[in-house]
Trainee: 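Below you will find the structure I want to go over with you.
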Amino acid sequence: MPVRRSSERTVVRQQTAALLHSLGATPGEVAASLAAAGVRGVPANSRECAVAVYLGAVVSADPRVRGVKVCKSEVLVERSGWWRRSVVVPLPSAVRQFIAAFDARSYPELVRPGLPAGIPPMGQDGSSTSPSSALPQQPA
């Protein structure tokens, strides 16, 4: 008997939530879990942050999943097929706190090598969040 679409969404949601909870109960435990898995990411990038890279490697192996996007309070698991809605999975508190610290570069060992230390953080859509970065320099 084929699995119903709503059941597929539920399974994907439950599996993703279990993975997120297994990372740890504190931001430090989450960082240690990601480091042990060899994960490196890009701060403040919803598709390339350390959590997105980890989930992408694990969850995206499922043929029902096209990709993941990590937001401030939730993960969007994008399902295969343009007509299928994304599955929304709330982030556990420890993972939310880790993401905020990672975006602030509190875990430099998890930042992908080759990124300059002084670059301004990027917004969720990949644009700079630095207000001065968008302004042209005016002569004094």
Trainee: Side chains of R112 and V53: closer than 4.5 Å at any heavy-atom pair?
Mentor: yes
Trainee: Would you mind checking if R40 and E109 are paired as a salt bridge, meaning a charged N to carboxylate O distance below 4.0 Å?
Mentor: no
Trainee: Could you work out, with side-chain hydrogen bond (donor to acceptor under 3.5 Å, both in side chains) as the rule, every residue matching Q14, not counting sequence neighbours?
Mentor: none
Trainee: How many angstroms lie between atom CZ of R105 and atom CG of L110, to the nearest 0.5 angstrom?
Mentor: 12.0 Å
Trainee: Is there a side chain to side chain contact (heavy atoms under 4.5 Å, CB included) between R84 and R9? Walk through the geometry before answering.
Mentor: CA-CA 10 Å; R84 294 186 176 162; R9 290 176 56 79; over 6 Å; no
Trainee: Applying side-chain hydrogen bond (donor to acceptor under 3.5 Å, both in side chains), name anything that partners S106, two or more places apart in sequence or on another chain.
Mentor: none
Trainee: Within the 4.5 Å heavy-atom criterion, are E78 and V68 side-chain neighbours or not?
Mentor: no
Trainee: Tell me which pairs pass salt bridge (charged side-chain N to carboxylate O under 4.0 Å, His left out) where either residue lies in residues 53-62, with sequence neighbours left out.
Mentor: D62-R64
Trainee: Provide the closest heavy-atom pair for S80 versus P63 in the form atom of the first, atom of the second, distance.
Mentor: OG-O, 2.8 Å
Trainee: Minimum heavy-atom separation for S60 to G56, with atom names?
Mentor: CB-O, 2.8 Å
Trainee: Could you walk me through whether Y54 and V59 satisfy the side chain to side chain contact (heavy atoms under 4.5 Å, CB included) test, starting with their C-alpha distance in whole Å, then the side-chain angles of each, then the deciding distance to 0.1 Å, before giving a yes or no?
Mentor: CA-CA 8 Å; Y54 172 76; V59 176; over 6 Å; no
Trainee: Under 3.5 Å, is there a donor-acceptor pair between the side chain of S46 and the main chain of V70?
Mentor: no
Trainee: Between V51 and F102, is a side chain to side chain contact (heavy atoms under 4.5 Å, CB included) present by the stated rule, with each step listed?
Mentor: CA-CA 10 Å; V51 174; F102 178 75; over 6 Å; no
Trainee: Is there a path of hydrophobic side-chain contacts, each under 4.5 Å between heavy atoms of I/L/V/M/F/W/Y residues, joining V111 to V30?
Mentor: yes
Trainee: Could you measure the distance from the SG atom of C71 to the CG atom of L76? Nearest 0.5 Å is fine.
Mentor: 4.5 Å
Trainee: Under 4.5 Å between any side-chain heavy atoms of R96 and S73, yes or no?
Mentor: yes
Trainee: Could you verify whether a donor N or O on one side chain and an acceptor N or O on the other, from S33 and E29, lie under 3.5 Å apart?
Mentor: no
Trainee: For L34 and Y107: C-alpha separation, side-chain torsions, deciding distance, then whether side chain to side chain contact (heavy atoms under 4.5 Å, CB included) applies.
Mentor: CA-CA 11 Å; L34 295 173; Y107 296 101; over 6 Å; no
Trainee: Looking only at heavy atoms, what is the nearest atom pair of R13 and V87, with distance?
Mentor: CB-CG1, 3.7 Å
Trainee: When rounded to the nearest 0.5 angstrom, what distance separates CG in L20 from CD in Q15?
Mentor: 12.0 Å
Trainee: Should E48 and K69 be marked as a salt bridge (charged side-chain N to carboxylate O under 4.0 Å, His left out) after you check the CA-CA gap, both sets of side-chain angles, and the distance that decides it?
Mentor: CA-CA 8 Å; E48 295 293 326; K69 183 177 179 181; over 6 Å; no
Trainee: Decide yes or no for L19 and V58: does some side-chain heavy atom of the first lie under 4.5 Å from some side-chain heavy atom of the second?
Mentor: yes
